[in-house]
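This report refers to the structure that appears directly beneath it.
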Amino acid sequence: MSTYKAVIFDGAGTTVDYGCFAPVQAFVEVFCHFGIEPTMEEVRKPMGMLKRDHIRTMLQMKRIFGLWKEKYGADWTEDDVEKLYSLFEEKLLGILDQFAEVKPYVLETIEELRKKDIKIGSTTGYTDKMMAIVTAKAKENGYEPDAWFSPDSTGNVGRPYSYMIFKNMEALKIQSVKEKFIDAGADEVILNMKELTKLL
């Protein structure tokens, strides 16, 4: 029996949606709608953040900051963030069900973890509303964690804060951080899911 009690995965890009194409597509379309065409590097750099924070981070980038000021004659504001986010959410909710394919080796890895009585948790930068779509499709495709939490459960505080991990620990009944659990993608860097079971 493994000495590990649980593994806490990220969602999009780690267990489903290889390449995080759903949010990438939505961010590109939203910024283009407002007349700013972002590069892939600019879109992907803040990936994993709370989505409003992601938008703020992109707006703070030197090139985008300059283009926004040039186009609108003023610096961006929080009202602009809300307008961008509102359109982002609308676009993302419209395509999420097309991007919930389980990534390679995930199902095999989960099966191995289950055999070792290791619990499965998950965190995400998506909202509960977004996750309702993703988790339903992922379940259809064979992946269902024992628990998952979005920033909606932590007062809209996402990464890099650890609050979603603590929520998972509570739900999975991990008594202490001294118990062995892996926050996949933070504690360990692996190239693909096949490598995870070698760590346990």
Quiz prompt | Heavy-atom pair of closest approach, residues A6 and L172 | solution = CB-CD1, 4.1 Å
Quiz item: Are I95 and F21 linked, directly or through other ILVMFWY residues, by side chains that come within less than 4.5 angstrom of each other?
Solution: yes
Quiz item: For E41, does the CD atom sit with more than 12 other heavy atoms under 6.0 Å from it, leaving out its own atoms?
Solution: no
Quiz item: For P38 and R63, which heavy atoms make the closest approach, and how far apart are they?
Solution: CA-NH2, 3.7 Å
Quiz item: Are V24 and M131 linked, directly or through other ILVMFWY residues, by side chains that come within less than 4.5 angstrom of each other?
Solution: yes
Quiz item: Which heavy atom in H54 sits nearest to a heavy atom in V43, and how many Å separate them?
Solution: NE2-O, 2.9 Å
Quiz item: Between E42 and F31, is any pair of side-chain heavy atoms under 4.5 Å apart?
Solution: no
Exercise. Please state whether the rings of F88 and F27 are parallel, tilted or perpendicular, taking 30° and 60° as the class boundaries.
Key: parallel
Self-check item: Matching residue for D146 among K119, R114, K173 - test: salt bridge (Lys or Arg N to Asp or Glu O under 4.0 Å)
Solution: R114
Self-check item: Passing option when F9 is tested against V16, T123, I110, T124 for side-chain contact (heavy atoms from CB on, under 4.5 Å)
Solution: I110
Practice problem: Might you work through the side chain to side chain donor-acceptor pair (under 3.5 Å) test for S150 and D128, ending with a clear yes or no? | Solution: CA-CA 6 Å; S150 84; D128 284 354; 2.7 Å; yes
Exercise. Cation-pi check, R56 to F65: give yes when NZ or CZ is under 6.0 Å from the six-membered ring centre and within 45° of the ring axis, no otherwise.
Key: no
Quiz item: Does CD belonging to Q60 count more than 12 external heavy atoms closer than 6.0 Å?
Solution: yes
Practice problem: Treating Ile, Leu, Val, Met, Phe, Trp and Tyr as nodes and any side-chain heavy-atom pair under 4.5 angstrom as an edge, say whether Y72 and M58 lie in one connected cluster. | Solution: yes
Exercise. Look at the aromatic rings of Y161 and Y163 and report parallel, tilted or perpendicular, splitting at 30° and 60°.
Key: parallel
Quiz item: Should we count CD of E170 as having more than 12 external heavy atoms under 6.0 Å?
Solution: no
Self-check item: Point-to-point distance, once rounded to the nearest 0.5 Å, from CD1 of I133 to CD of Q98
Solution: 10.5 Å
Quiz item: Same cluster for V102 and Y126 if Ile/Leu/Val/Met/Phe/Trp/Tyr side chains link at under 4.5 Å?
Solution: yes
Exercise. Write down the atom of G121, the atom of N168, and the distance for their closest heavy-atom approach.
Key: CA-OD1, 3.2 Å
Quiz prompt | Salt-bridge present (E82, R52; N to O < 4.0 Å) | solution = yes
